[in-house]
Enquirer: 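For reference, the structure I am asking about is given below.
A note on names: the letters A, B, ... follow the listed sequences, proteins ahead of strands, and every chain is numbered from 1.
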Amino acid sequence: MVSVSARIQNVLLLGDDRFPRHRKLSRFLYEAGDRIGVHVVARDVSCLWDAFETLKEEDEEERQLSRYALVDQLMRMLYGFEIDHVISLDASSLLVPDIFLREAKPKWIHHLWFHPLKDILRFWEWDQLQLGPWHAPLMHEKCRHFYMQDTLQILPGMTWSFLPPGAPREFVDLDPSPKQIGKIACELDPSYLPGFDPECLKRLQSCKSKQEFLAPFEKLPERDVIPFQNLWYLYTGREDLDIYGAVCGLEDYGITARPELDPYEKNIILSRYRAQLHLMSPALLGPPYERIPETMAMGSVPILLSPEIYVGPWQGVVVVSGDEHWETVRADFQNHSDEWHMLARKDQIMVENEGLWEHRLKAILEEKA
Amino acid sequence: MKRKILFLSNDHSVPFAKTTEFMASACERLGHRTVVRDTFPARIQKSMLGDKSLEKPLKRLAIHWSNFLEDLEIDTVIGLDLFWLFYPEPFFDSPQVKDITSIWFDDFRSWITYPTNVWFSSREMGFQSIIRHEKVRHIFYGESMAQEARLFGVERQMTSRLAAPAEFLKQKFPCEIKDKAVFIGNPGFRGEPHKDAIELMKSGADLIELRRMSRDHLLRAGDEAIQKWFRLEPQTRELLAVAMEVKATNPFSPSLQLLKMAGEVYPKAFAFANDNNILLDFCMLVKLVTRYDRPALVMRLYEQGLVDVYSNESEWLPYGVKAGRNINLGELPEYYQKYAVHLNGANPLRDATGNEKLFEIAASGRVSVNLRSPDVISCYPEPEIAVGDTLEELEIKTRALLANPEEALANGAKAKMRTAREHLWDHRLKSILQ
């Protein structure tokens with residue numbers, strides 16, 4: 001149990017529920033707050049965006065009236081809940097005119113970044129909705145910025161801190177039974193893999209190394225190469241993997257996938273594996289970072305694919321650096337299951353002691369100006 | 001069974017937002033997983049756009065909520081009043097959502113006439129089938145509200161008292177004022193008081209006289225709409241007169257029940273009200289017979305220097321009461337504990353007297369002085385609270401408590417213990433979710 005202070009602090013957490021990560025994180029931070037005596041009021045800004053979008057064709061007076069009502073609503077929240085801190089996922093607070101900056105409360109606005117700002121502004125159709133300047137509100141002295149992965153674009157003039165993602169406590173208690181499945185679990189996201197191409201299949205069957213397989217793509221941008229790299233690792237490791245998720249064309253590559261995991265049972269099933277392979281996300285140019293502590297919290301060892309990624313404080317992560325290493329990792333996994341089991345247990349204890357979302361929330365709220 | 005619950009709030013009203021958060025915390029303590037979301041922007045969109053095409057935004061809303069429900073595995077939706085109603089299809093269509101619960105604070109009539117709810121009037125196509133959907137349950141805190149809902153054909157309903165947040169039990173502030181009681185709140189019904197009512201209150205009249213004065217005024221003057229009803233169906237005046245007279249002597253009986261009783265004598269008038277969809281308007285008129293109960297108690301004790309009043313300064317001015325500033329919700333526990341004795345009065349429009357304040361004052365370890373209604377005495381016995389039937393009796397009880405503040409505090413402490421055992425949101429939600 002960690003505690004921030006004897007006094008209850010009130011946090012308004014703003015996220016855009018259209019991002020699955022925001023949906024989940026708002027839930028996790030809400031729970032984490034409860035455990036450390038911080039009241040987290042979590043709200044969605046996509047409904048504000050939706051209101052602006054719907055009303056953009058209305059006349060100016062109507063639009064101003066509705067904006068006034070929405071701002072008025074947030075002002076009531078700020079004072080009614082005596083909000084001390086705003087946590088804004090990917091700058092969600094930008095969608096609201098500068099009330100958080102103008103008012104004496106809250107004292108701090110903590111921006112947690114998961115996506116590049118330019119992607120966020122495009123997603124919100126910022127220019128089209130004429131939402132005004134965004135730079136100054138992010139540079140305001142009340143603002144702090146935390147990035148969750150090293151591939152995010154850092155804006156000049158802003159002070160950033162690295163904040164590794166956390167795990168929800170419930171993941172620690174998912175399944176206390178010993179890990180019994182002698183394979184590595186891998187959950188697929190269709191956007192991480194290329195579609196089926198017979199030419200690609202021929203190359204998979206004939207190429208001797210990853211470098212050889214990826215050679216035709218070397219002039220493509222990195223995010224376009226990543227799906228082929230993922231495919232290579234899946235293909236070469238298919239005998240040792242339990243792959244979950246229906247991805248079109250995967251069978252044609254000779255890779256057998258099990259059906260997509262039921263969301264109700266997903267984490268329980270994954271937690272029965274000693275290790276989980278995380279493919280690279282083309283959008284993030286890295287693995288889905290939040291899955292690292294979550295995997296560890298489940299008592300599984302996370303296996304990541306790129307040696308260049310920044311894994312933050314995580315020591316118990318296995319990072320595959322190439323073909324040979326991939327083979328070694330798989331062989332080691334099969335031959336030394338007890339050691340992998342020990343490593344997984346160590347990972348789990350580390351997350352429980354210092355890698356849960358309540359630890360992260362505490363770090364955010366106690367960060368000095 | 002542990003549930004995954006989505007609470008839908010209306011953040012434009014801080015009391016609603018706060019209560020929603022308190023309920024969500026209670027569910028967390030019961031082991032359920034909860035998330036809270038606001039529906040006000042969606043409602044404002046719809047009220048601003050009126051009849052214009054909503055196809056595009058509704059499609060967006062459907063996708064958004066379907067993803068949300070699926071991703072967070074929501075199986076239960078709870079909204080105060082009908083705050084889930086901005087667009088119910090995703091909740092109805094989702095196979096995993098099994099239960100949609102409305103916990104009512106307002107009455108049907110007030111909800112439907114609320115500015116951002118008028119777009120969803122009771123006459124709109126589909127309203128009845130939505131509120132009667134097989135997944136939907138309605139929880140009311142008073143029998144009167146439940147009866148009014150039955151007018152709309154709401155069958156899946158239950159009554160459950162309001163409650164106090166467990167968070168109030170932990171708050172500790174000193175009791176600084178023991179020689180004066182306090183009333184925190186507005187005068188109740190927000191209409192200008194009649195000058196005869198003020199005169200009567202000043203002359204020391206008791207509740208029965210004030211209620212009869214209110215009845216006579218409503219029947220004699222009324223507004224244009226009421227006079228029109230009287231012209232169209234003269235029996236309506238008799239129907240209301242009888243129901244209002246019974247209300248004056250039985251102030252805690254549901255108004256609709258009284259109208260039904262009177263309707264047996266004046267069936268034409270009752271049928272007229274029913275056929276013209278004005279039965280709830282008639283209910284409101286009957287309820288207004290007791291509109292002076294709350295301000296009369298406050299004014300009587302204020303004039304004798306026995307009570308401090310806070311909140312809604314301008315609304316108290318016509319009563320000659322100089323109220324202190326508004327108390328923010330966050331300050332309530334402090335102000336509840338600052339005084340040893342509280343006055344409490346229900347809002348006449350709810351027609352139910354076990355209001356939130358009854359439980360919150362008790363959770364703060366203080367004693368409240370109330371009218372002796374069945375709702376109130378079924379929650380706390382004397383001396384945990386003080387009750388009376390007349391202004392005179394309530395004044396005597398208040399004076400006795402102020403004369404013996406240590407006893408008042410001891411009674412308040414007992415009320416707090418009972419609240420912790422029986423009257424928290426945790427208790428209510430446990431039984432609602434069973």
Enquirer: Identify which of B/T39, B/I63, B/D38, B/V35 forms the greatest number of heavy-atom pairs closer than 4.5 Å to chain A.
Expert: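 Winner by heavy-atom pair count: B/D38.
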
Enquirer: Below 4.5 Å, heavy-atom pairs only: which of B/Q96, B/E331, B/E70 has the largest tally toward chain A?
Expert: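 Looking at each of B/Q96, B/E331, B/E70 in turn, B/Q96 comes out on top.
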
Enquirer: Counting only heavy atoms closer than 4.5 Å, note whether B/H64 contacts chain A via side chain, backbone, both or neither.
Expert: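 Only the side chain of B/H64 comes within 4.5 Å of chain A.
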
Enquirer: Count the heavy-atom pairs under 4.5 Å between each of B/K4, B/E28, B/R29 and chain A, then report the option with the highest count.
Expert: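 Among the listed options, the one with the most contacts to chain A is B/E28.
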
Enquirer: Who passes salt bridge (charged side-chain N to carboxylate O under 4.0 Å, His left out) against A/E82, sequence neighbours left out?
Expert: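 A/E82: no salt bridge (charged side-chain N to carboxylate O under 4.0 Å, His left out) contacts found.
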
Enquirer: When you compare the side chains of A/S26 and B/R37, does any donor N or O come within less than 3.5 Å of an acceptor on the partner?
Expert: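 Yes.
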
Enquirer: Tell me, for A/Y30 versus chain B, whether the close heavy atoms (under 4.5 Å) come from the side chain, the backbone, both or neither.
Expert: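 Contact with chain B is through the side chain of A/Y30 alone.
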
Enquirer: Sort A/V40 into side chain, backbone, both or neither according to what part of it lies under 4.5 angstrom from a heavy atom of chain B.
Expert: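 For A/V40, the backbone is the part near chain B, not the side chain.
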
Enquirer: How would you list, by chain and number, every residue that makes a side-chain contact (heavy atoms from CB on, under 4.5 Å) with B/R190, sequence neighbours excluded?
Expert: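 Scan of B/R190 (side-chain contact (heavy atoms from CB on, under 4.5 Å), adjacent residues dropped) gives B/N186, B/N312, B/E315.
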
Enquirer: Select, from B/L329, B/V36, B/N328, the one with the greatest count of heavy-atom pairs under 4.5 Å involving chain A.
Expert: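 Highest number of heavy-atom pairs under 4.5 Å: B/V36.
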
Enquirer: Distance-only, no hydrogens or angles: does the B/K135 side chain make a donor-acceptor pair with backbone N or O of B/V97 under 3.5 Å?
Expert: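 Indeed, once roles are kept as given, a pair shorter than 3.5 Å links the two residues.
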
Enquirer: I'd like to know if the side chain of B/K2 reaches the main chain of B/R33, judged simply by a donor and an acceptor atom lying under 3.5 Å from each other, with no hydrogens or angles considered.
Expert: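 No.
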
Enquirer: Under a 3.5 Å threshold, yes or no: a donor from one side chain and an acceptor from the other, between A/E170 and A/N267?
Expert: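 Not at all, the side chains of A/E170 and A/N267 share no donor-acceptor pair under 3.5 Å.
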
Enquirer: Go through A/R43, A/M77, A/M75 and name the one with the most non-hydrogen pairs under 4.5 angstrom from chain B.
Expert: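 Most heavy-atom pairs within the cutoff with chain B belong to A/R43.
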
